[in-house]
Each structure stands twice: as structure tokens, then as C-alpha cells.
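Below is one structure; the comments refer to it alone.
Whatever order the structure lists ligands and atoms in, that order sets their numbers, starting from 1. The first residue of the sequence shown is numbered 1, and numbering continues consecutively from there. These numbers were taken from a predicted model, which means no experiment stands behind them. Reckoned from all heavy atoms, side chains included, excluding hydrogens, waters and symmetry mates.
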Amino acid sequence: MASAAFAVSSPAAPAVAAGSKAGPRAVPDRRSVPAHLRLVSVLGRGVNQGRSRTGCRVGITRKNFGRVMMALAVDVSRFEGVPMAPPDPILGVSEAFKADKNDLKLNLGVGAYRTEELQPYVLNVVKKAEKLMLEKGDNKEYLPIEGLAAFNKATAELLLGADNPVIKQGLVATIQSLSGTGSLRLAAAFIQRYFPEAKVIISSPTWGNHKNIFNDARVPWSEYRYYDPKTVGLDFEGMIADIEAAPEGSFVLLHGCAHNPTGIDPTPEQWEKIADVIQEKKHMPFFDVAYQGFASGSLDEDAFSVRLFVKRGMEVFVAQSYSKNLGLYSERIGAINVVCSAPDVADRVKSQLKRLARPMYSNPPIHGARIVANVVGDLTMFGEWKQEMEEMAGRIKNVRQKLYDSLSAKDQSGKDWSFILRQIGMFSYTGLNKAQSDNMTDKWHVYMTKDGRISLAGLSLAKCDYLADAIIDSFHNVN
Ligand code: KET
């Protein structure tokens, strides 16, 4: 309820409540309230016009707090003007899945790895690192704003290669942040502050949250062509043309590997051409690396694109995440790395990233950082991690093959499903439209995002036939 300072129709403000019944819940007659003080939607959408939750007429005033007009009244919530937000297009799918009671249900929405039994998986090497941490009895003091030093060293080395000259020369500003999303958000805040004229160009399509991140940071963005529905492949010419046409000095958001949602990556030769155009146009490459090790099963191979740009001496932004490759989804562990042209530039950039992080979340959490630092910093555990990652990537490749086999065997129409085999990483971009995706969920209890993406990490070999039936039905019988 409204605080006394603003509650004009409270007993302490009888002038406005005139004509109302006395008492703490005084309800004024609407006609006695001046028109400008009557309840109106704070966002101008007519929420509960003039009525409280109980249906009573209430007297209110409005106060303008910048963009949002706060409703201030005795008998009405101060949040009256807050509309219901739509469910998140990806994480909302998991919520809907939980509510479904059908035994056949399958969650292919969020990109989270499951075992063949469709259970969440904690890597053995993570359990081992946690056991060691517990035995050591590490404390829970605040981390510095930039995070755990051992993590920052390990994460930059993992990304760029331990003997990369840019590390040795002190050219990399690395800040531990709140997983991939938090790292992207921090970089977006940096762009907004230091490049207020610049815009970001992002692939069409892209991971849905990219747009939210730049919108909330007030960084303008537009899209470059990426996916060609005709070939179910990369629209390379369109991509190059759009990057070329972007205003000089734009930030070009690139998926380091395993493009989400399409699972289509440029070839090494195409990466060279992309780097050429970005360099010519003095754009800034900005990599989102959320799947290092998950595309090919090899950490080094999946870092190819980033290392190529760095090798050319370009300044580069890279956001990293350990949600997928170490299965640390809820530990929120990742980093933003900025490769700079000189050590003093890197120092200044780092100082400003810290300055942005401090009022946002002060300093990052320690647990995931210690796990990564321990695993990467210990030769035995590092080897064990690589093996488990290969196994995870291998399981996804197996279900990808089995899904293709099932579709090819069952579908009598002659449609070519081989694009599924050409895609890589956690996802398959099926080409199903929204109505077809709705049919997958409503009729078959297969939960997926409405852009037609399915997470193969949430699929088992045993469920491939069922999924193939659902896809064939949706593809051929729904427009
Ligand atoms: N980048 C990409 C491309 C990405 O797919 C994700 C997560 C992230 C960054 C961020 O992950 P984080 O856990 O903040 O490090 N994608 C999956 C989960 C999600 O939407 O949050 C997904 O696409 O299902």
C-alpha cells in the first residue's frame, strides 16, 4: 500500500478522501475525486480503471517517476500499473514442461545436457574438484571485483591457448562475471558507456536473449543475414554484404562455435573472409563463446574462430560461459575478455569493466570459479574433463544420427533430412514454423522453442522414433 508520504486518500489526507466513509480503509465516492486524481492505468493501458481489487472505487493520485507513472492510493496496489510479462521464450518452455502430466513428455527447449536416461548430469570431474575444495576448507570471503585470479588466468588460457603471445604480453583484460549472460551484459554496458554512437549487429536468427541484453543496456542493434531457409545452411554472401554495409566501427556479434539456434558454423575459409571484412570496416568483433568443446568435442578446435581474429592482431571482445561444457549452469560462472592492442589499454579497459561491475553486482560468486580453476589447473583433472566433454558431445552426435535415421526411415515423402547431420552442437534447427512447433507441444508433448529449435542434449536414443513421428506429423499435417 502507499506510504503515508504519498497516500493522498489516507485518513491523513482528508481533503482527497472527502465524502468517503471514515476509517483506515476509506473509499471515496468517485464523483468526489477530481478527475486528475482518479485511478488511471500507470502505463496508460486502463488497468483496473477506478476500481480496487475488491471492486471498490478508490481515490488515487499519480506521481511521475520518469517513464513510469506510479499509482498512489490507499486501497490499490502500488504495482497496479505493472503488466504481466510474457513467459521467456526459452526458460518459459521448462516451466510449461513441468506443468505437463503426460508420461510421453519430452523437454527439448532449454540447451541443457541430459544423460541417456534424460537426467541432469554433474560431471565426475566437477564432483572431484568440489570434494578437494571441501577438504581444503577454503573460506567464503568476498572475491575482488574482477573475480578469482586463478580462474581469470585459466579461462583466458583455455580460450586463447596457454602460450598465446597476447597473454604473455599482458594484452588481455579478463573479468570473471555471471556466466555467459552476465559477461555479455557487462560488455554491453561498456559499449553503451564508451561507444555511445556504435551499434551492434547480430545474426538473424540468434540466441533470443541477445536482443534483450542489448535492449536493456540501451545499445542499438540490427541484424545481419545468417540463415538461408532454402539451403538450410549459411547465407554467407548475405552475411558478408550486411557486415560490409554496417556503419564503420560497428560491433559484430559472432557465435564462436555451435551457432545457436541454427547449429550452422562458417568454415575456416569463411571465417577468414569474415575477419577480412571486419578488419577493413574497422568493426569490433564480439564473440559469444558458450559452447567451447561442445561443438567438436575439442576445446582447441572450438576456439579456432576467436584465435584466428586474435592472431591477426585485432582487438576482440569475448564472452565465455561454463554452463554447458562443465555443466555449471546454476553456478553462473563465465568471463568477459577484451584483447587490446597494448598493455596499458588492457589495464584501463579492465579498470572500467570493474567500475561497471561494482554497482551492478559488486563481485562474482566463488564456487564455480574455484571449480574451473582447479579442473583447468590440474593436469589429471583437465584430462578427465576433456574425456567427459567428448563423451557428452559424442552422445549428442549419436542422437543426431539416430534422429536422422528415424526420420529418413519413417518419412515416405522423399524429404531430405540430411541438414540435421550437417548441423553441430547441442541444437537442431528443424525448420518447423510456429504452428508446427505448437503442434509438437500440444499434440505430442514435445516441448521446444517456437522458432523450431530442438535441444538434442535433451533427447535419448530411446525417444528418437517418437520424436521422428512427431516431427513428420507436424511437418506434413500442419501448415
Ligand atoms: N550465449 C549463447 C549463444 C547461449 O546459447 C547461452 C545459453 C548463453 C550465451 C548464456 O548462458 P549462461 O548460462 O548465461 O552462461 N543458452 C541456453 C540457455 C538460456 O537460454 O539461458 C539456451 O539457448 O537454451
Side-chain angles (χ1 to χ4, degrees), residues 86-97 107-114 120 147 151 155 158-159 175-188 200 202-214 216-217 221 226-227 252-265 286-295 302-303 305-306 317-337 360-361 364-365 367-369 371-372 396 423-430 437 447-459:
D88 183 80
I90 297 176
L91 300 184
V93 174
S94 300
E95 291 170 30
F97 172 79
N107 187 3
L108 308 183
V110 70
Y113 183 81
R114 298 281 179 270
F151 166 81
T155 201
L158 199 72
L159 177 71
I175 299 271
Q176 178 195 335
S177 192
L178 308 182
S179 210
T181 308
S183 304
L184 289 161
R185 183 65 179 80
L186 192 59
V200 175
I202 60 186
S203 64
S204 172
T206 192
W207 177 50
N209 214 21
H210 281 149
K211 295 176 184 176
N212 299 333
I213 287 167
F214 294 113
D216 277 11
W221 56 266
Y226 192 85
Y227 173 72
V252 184
L253 190 71
L254 300 158
H255 298 226
C257 64
H259 182 272
N260 178 6
T262 65
I264 300 160
D265 284 352
F286 181 176
F287 282 94
D288 180 355
V289 177
Y291 300 94
Q292 191 182 352
F294 240 95
D302 288 356
S305 58
V306 172
F317 274 72
V318 192
Q320 279 175 291
S321 164
Y322 289 91
S323 291
K324 328 278 176 170
N325 55 12
L326 257 176
L328 295 176
Y329 307 92
S330 53
E331 295 296 352
R332 313 310 297 145
I333 177 67
I336 181 76
N337 303 268
M360 246 195 245
Y361 58 84
H367 191 75
I371 295 172
V372 176
I396 297 173
Q423 298 169 341
I424 54 164
M426 270 195 167
F427 303 107
S428 179
Y429 202 51
T430 61
S437 304
Y447 287 78
M448 58 188 284
T449 53
K450 300 300 173 202
D451 57 0
R453 183 190 89 170
I454 53 175
S455 168
L456 297 178
L459 180 64

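- Counting only distance, with no hydrogens or angles, the side chain of D288 and the backbone of H255 share no donor-acceptor pair below 3.5 Å.
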Query raised in the report: Can you check side-chain hydrogen bond (donor to acceptor under 3.5 Å, both in side chains) on H210 and S203, steps first, answer last?
Result: CA-CA 10 Å; H210 281 149; S203 64; over 6 Å; no
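- Checking only distances, G180 does come within under 3.5 Å of ligand 1, N or O to N or O.
- Only the side chain of I90 comes within 4.0 Å of ligand 1, judged by heavy-atom distances.
- Of the listed residues (I333, I336, T155), just one forms a side chain to side chain contact (heavy atoms under 4.5 Å, CB included) with Q176, and that residue is I333.
- Distances below 4.0 Å separate heavy atoms of S321 from the following atoms of ligand 1: 12 (P), 15 (O).
- Using cut-offs of 30° and 60° on the angle between ring planes, the pair F151 and Y322 is perpendicular.
- Checked by atom type and distance alone, the side chain of E331 never pairs as donor or acceptor with a backbone atom of H367 at under 3.5 Å.
- R332 places a side-chain N or O within 3.5 Å of a backbone atom of Y329 that can act as its donor or acceptor partner.
- Here S179 has heavy atoms under 4.0 Å from ligand 1 in both its backbone and its side chain.
- Remark: the backbone N or O of Q292 is paired with a side-chain donor or acceptor of N325 at under 3.5 angstrom.
- Proximity of Y322 to ligand 1 is not established, as no heavy-atom distance is less than 4.0 Å.
- Listed for the K324 side chain is a donor-acceptor partner under 3.5 Å among the backbone atoms of G111.
- Remark: ligand 1 atoms within the under-4.0 Å shell around heavy atoms of G111 are 22 (C), 24 (O).
- The distance criterion of under 3.5 Å between nitrogen or oxygen atoms is met by D288 with respect to ligand 1.
- With respect to atom 13 (O) of ligand 1, the closest heavy atom belonging to the protein is S323 OG, 2.7 Å.
- If you check which protein heavy atom lies closest to atom 22 (C) of ligand 1, you get R453 NH2, 3.5 Å.
- For V110, the closest heavy-atom approach to ligand 1 falls below 4.0 Å.
- Of all the listed residues (Y291, F427, Y329, W207), W207 holds the heavy atom that lies closest to atom 19 (C) of ligand 1.
- The ligand atoms of ligand 1 that sit less than 4.0 angstrom from a heavy atom of R332 are 12 (P), 13 (O), 14 (O).
- Summary of contacts: the protein heavy atom closest to atom 11 (O) of ligand 1 is T181 OG1, 4.0 Å.
- Formation of a donor-acceptor pair under 3.5 Å by the T449 side chain with backbone atoms of I90 is not found in this model.
- In this structure, the protein non-hydrogen atom closest to atom 18 (C) of ligand 1 is K324 NZ, 3.6 Å.
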